[in-house]
Amino acid sequence: MRKQIAAANWKMNLSLQQAEELIKALLETNHELNTQHLAVFAVPFPYIIPVKQLLNGRQNVFVAAQNCSANKNGAYTGETSAEMLQSLALKYVVLGHSERREYNHETNEELAKKVDIAMAHQLHPIFCCGEPLQIREAGTQNSYVEQQLKESLFHLSAEQLTGFIIAYEPIWAIGTGKTASSEQAQEMHAHIRNVFEKQYGKAVADSISILYGGSVKAANAVEIFGQPDVDGGLVGGASLVATEFSAIINSLKK
Ligand code: 13P
C-alpha cells in the first residue's frame, strides 16, 4: 500500500507556547500508526526546530516547512532556502499551496523550480493543486488541475515521482466549511492518478500518495479517506485542535 498521510498545515497560526501545547497534547494520545502511515506537521518557520525537538524519536512523525525559495541563496530578504531546510534535517516541504499561489503569485513555472531545488536538497515536496470556484462551476476542473501538474511536475523522472506526494485542495473548500463530497474527491483523485499513469505508467501512478485538503475534520475524515484514491489529508483549521487532529490521524486507511 502507498503511504497514507495525515498532514497538518498550521498556516500562520499559534504562538510558540500554543504550538508546544498542541504537540504535547497530541503526543499524549494513542495513534494507530503503522509503517505505511505518516503524520506530518507543516509549521511556521520559527517553530521547525522546537517542534522537531518535541517529536524527537517518534516514528512516522515529521515536521515540514510550508514553503521554500526557488533560489539557491543570496539577496532575497525574508526568504528561506531549501539548503537551509536541509541543514535542519527537514524531510518535507509544502509547495504550491493555493494561498501562496494567490497572495504570492506563485506560478506553475516557478513551482517547477521550487520542486527541483527542494528535491535536490533531499526534501520531499507535498505539492498542492486545486481549482477555484469559477473553474468548478464551469466544469473544467480536470483540465485545470492537469495543467498545474504538467507544468510543475512533468519534467521529473519516473524515479523522482515514485512515492511522490500530491495534495488536491479545491480552493472553494478551503476554510469555508464546504467540503468536497467524497465522490467529488474520489473523482478528482482518480483523474490525478490517471494523469500520472498516462505519462509515467501504472507503477508510478499507484505509488503516489494523493491527499485531500479542504475542510477536513474528525467528522468527515473516515468517509473521505476511505475513498480508494484518497491517501489521507492536508488539514488546516482542524489541525489546530488536538482532539480533532488525533481523530483525523486515526482515520487513515489501515
Ligand atoms: P482547511 O482544512 O482549514 O479548510 O484548510 C485546508 C488547507 O488549506 C490545508 O492546506
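Order of appearance sets the numbers: ligands from 1, and atoms from 1 within every ligand.
- Not close to ligand 1: A238, with no non-hydrogen atom less than 4.0 angstrom away.
- Using the six-membered ring where Trp is involved, Y200 and F154 have ring planes that are perpendicular, over 60° apart on the 30 and 60° scheme.
- Distances below 4.0 Å separate heavy atoms of G214 from the following atoms of ligand 1: 4 (O), 6 (C).
- By heavy-atom distance, the residue among G130, A173, G233, G236 lying nearest atom 6 (C) of ligand 1 is G236.
- When all heavy atoms of G130 and I171 are compared, the pair lying nearest together is O-CD1, 4.0 Å.
- Heavy atoms of K11 approach ligand 1 to within less than 4.0 angstrom.
- With a 4.0 Å cut-off on non-hydrogen atoms, S98 does not touch ligand 1 at all.
- In the vicinity of E169, heavy-atom distances shorter than 4.0 Å reach the ligand 1 atoms 6 (C), 7 (C), 8 (O), 9 (C), 10 (O).
- Annotation: side-chain hydrogen bond (donor to acceptor under 3.5 Å, both in side chains) contacts of T179 (sequence neighbours excluded): N220.
- Counting only N and O atoms by type, the side chains of N60 and H31 include no donor and acceptor under 3.5 Å apart.
- With a 4.0 Å cut-off on non-hydrogen atoms, N9 touches ligand 1 through its side chain and not its backbone.
- For atom 3 (O) of ligand 1, the nearest non-hydrogen atom from the set A42, A8, G237, A7 belongs to G237.
- By the 30° and 60° cut-offs, the orientation of the rings of F127 relative to F164 is tilted.
- Set against the non-hydrogen atoms of L234, the atoms of ligand 1 under 4.0 Å away are 9 (C), 10 (O).
- The contact set between ligand 1 and G175, taken as ligand atoms under 4.0 Å from a residue heavy atom, comprises 1 (P), 3 (O), 4 (O).
- Note: an N/O pair closer than 3.5 Å links S215 and ligand 1 by distance alone.
- The pair R136-E131 meets the salt-bridge criterion, with a side-chain N (NZ, NE, NH1 or NH2) lying under 4.0 Å from an Asp/Glu carboxylate O.
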Starting from the C-alpha separation in whole Å, work towards a yes-or-no answer on side-chain hydrogen bond (donor to acceptor under 3.5 Å, both in side chains) for E169 and H97.
-> CA-CA 8 Å; E169 302 204 306; H97 192 280; 2.9 Å; yes
Verdict with reasoning, K150 to E146, per salt bridge (charged side-chain N to carboxylate O under 4.0 Å, His left out) | CA-CA 6 Å; K150 282 186 171 166; E146 188 162 346; 3.2 Å; yes
